[in-house]
K.L.:
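Dropping the structure in here first, questions after.
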Amino acid sequence: MSSISVKYLTQLEAQQLDEDLMGASAAYSIEQLMELAGLSVACAVRQQLPPSTHRRIVVVAGPGNNGGDGLVAARHLKLFGYEPLVVYPKRPDKPLFKALVRQCEAFGLPLTDALPQPFDADVVLDAIFGFSFKGDLRPPFDSLLAVRTRLDRQHRLCSVSMHGCVCLCG
């Protein structure tokens with residue numbers, strides 16, 4: 001059996017990759033990258049945690065591009081037979097993110113500002129912050145991450161890192 005070698009990108013390398021992909025030579029738009037990332041996330045989840053055994057999935061989306069990847073992933077997960085619930089507490093007032101919310105709503109995905117109580121899910125998909133996050137945690141994400149840490153012990157956790165890369169934990 002062969003072993004797989006994994007290389008993790010530093011924050012600087014990830015930022016450079018973004019610039020290269022959206023630069024003049026590759027010319028990807030942020031919308032294209034987000035769609036590819038969200039689909040990649042959904043495919044990785046489906047491969048490791050099939051809907052036959054992990055149907056209920058909570059997608060926690062942050063206010064940036066990582067959150068956008070999570071919104072796209074939720075849409076694809078619905079098409080794959082999951083029952084996603086999107087927790088999206090801080091919604092940017094930008095056309096791209098407004099369009100992603102409309103798409104989720106058009107697919108009948110429930111969107112909420114807070115984790116449901118009682119919490120009932122098989123999987124938590126963390127799409128809160130990506131590689132460009134800096135600074136201290138502020139509400140509502142400080143309390144969401146505290147709850148997420150507690151949930152790690154009880155639920156499968158998938159974490160969106162960068163452009164569709166997924167870390168499956170727990």
K.L.:
Quick one: pull up CD in Glu13 and CD in Gln15 and give me the separation to the nearest 0.5 Å.
P.N.:
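Result: 10.5 Å between the selected atoms.
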K.L.:
If you look at every heavy atom in Thr112 and Ala114, which pair is closest and at what distance?
P.N.:
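Looks like CG2-O, 3.2 Å.
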K.L.:
Less than 4.5 Å apart, side chain to side chain, heavy atoms only: is that true for Gln103 and Leu71?
P.N.:
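No, every pair of side-chain atoms sits at 4.5 Å or beyond.
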K.L.:
Compare all side-chain heavy atoms of Gln32 with those of Met22 and state whether any distance is below 4.5 angstrom.
P.N.:
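Contact flag for Gln32/Met22 side chains = no.
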K.L.:
List the residues meeting side chain to side chain contact (heavy atoms under 4.5 Å, CB included) with Pro50, not counting sequence neighbours, and say none if there are none.
P.N.:
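Applying side chain to side chain contact (heavy atoms under 4.5 Å, CB included) to Pro50 gives Ser52, Thr53, His54.
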K.L.:
Can Lys90 and Asp113 be counted as an ion pair, charged N to O under 4.0 angstrom?
P.N.:
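Salt bridge between Lys90 and Asp113, a charged N being under 4.0 Å from a carboxylate O: no.
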K.L.:
State which residues pass side chain to side chain contact (heavy atoms under 4.5 Å, CB included) with Ala74; sequence neighbours excluded, sorted by chain then number.
P.N.:
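Result, side chain to side chain contact (heavy atoms under 4.5 Å, CB included) vs Ala74: Val59, Pro84, Val86, Leu109.
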K.L.:
So, using side-chain hydrogen bond (donor to acceptor under 3.5 Å, both in side chains) as the criterion, who are the partners of Gln16 when residues are at least two apart?
P.N.:
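With sequence neighbours excluded, Gln16 shows a side-chain hydrogen bond (donor to acceptor under 3.5 Å, both in side chains) to Asp20, given in chain and number order.
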K.L.:
So do the side chains of Ile57 and Leu85 get within less than 4.5 Å of each other, counting heavy atoms only?
P.N.:
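No, side chains not in contact.
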K.L.:
What do you reckon, is CZ of Phe80 surrounded by more than 12 foreign heavy atoms closer than 6.0 Å?
P.N.:
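Yes.
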K.L.:
Measure across Ala73 and Ala42 and return the closest heavy-atom pair with its distance rounded to 0.1 Å.
P.N.:
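Heavy atoms of Ala73 and Ala42 come nearest at O-CB, 3.9 Å.
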K.L.:
Please name all residues satisfying side-chain hydrogen bond (donor to acceptor under 3.5 Å, both in side chains) with Lys98, sequence neighbours left out, ordered by chain then number.
P.N.:
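Expected list: Asp93.
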K.L.:
Out of Asp69, Asn66, Leu39, which residue meets the side chain to side chain contact (heavy atoms under 4.5 Å, CB included) rule with Met34?
P.N.:
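Exactly one option meets the side chain to side chain contact (heavy atoms under 4.5 Å, CB included) with Met34, and it is Asp69.
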K.L.:
Please report the shortest heavy-atom distance between Ala61 and Gly67, naming the atom on each side.
P.N.:
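The pair with the smallest heavy-atom distance is CB-O, 3.7 Å.
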K.L.:
Mind listing the closest non-hydrogen atom pair of Gly70 and Ala127 along with its distance?
P.N.:
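In this case the closest contact between Gly70 and Ala127 is CA-CB, 3.6 Å.
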K.L.:
Using a 4.5 Å cut-off on heavy atoms from C-beta on, say whether the side chain of Leu125 contacts that of Val58.
P.N.:
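No. Closest side-chain heavy atoms not under 4.5 Å.
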K.L.:
Hey, are Glu35 and Arg75 close enough for a salt bridge, meaning a charged N less than 4.0 Å from a carboxylate O?
P.N.:
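A salt bridge links Glu35 with Arg75.
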K.L.:
Partners of Arg56 by side-chain hydrogen bond (donor to acceptor under 3.5 Å, both in side chains), sequence neighbours excluded?
P.N.:
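Residues passing side-chain hydrogen bond (donor to acceptor under 3.5 Å, both in side chains) with Arg56: Asp120, Asp122.
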K.L.:
Not counting sequence neighbours, which residues clear side-chain hydrogen bond (donor to acceptor under 3.5 Å, both in side chains) with Glu83? List them please.
P.N.:
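Scan of Glu83 (side-chain hydrogen bond (donor to acceptor under 3.5 Å, both in side chains), adjacent residues dropped) gives none.
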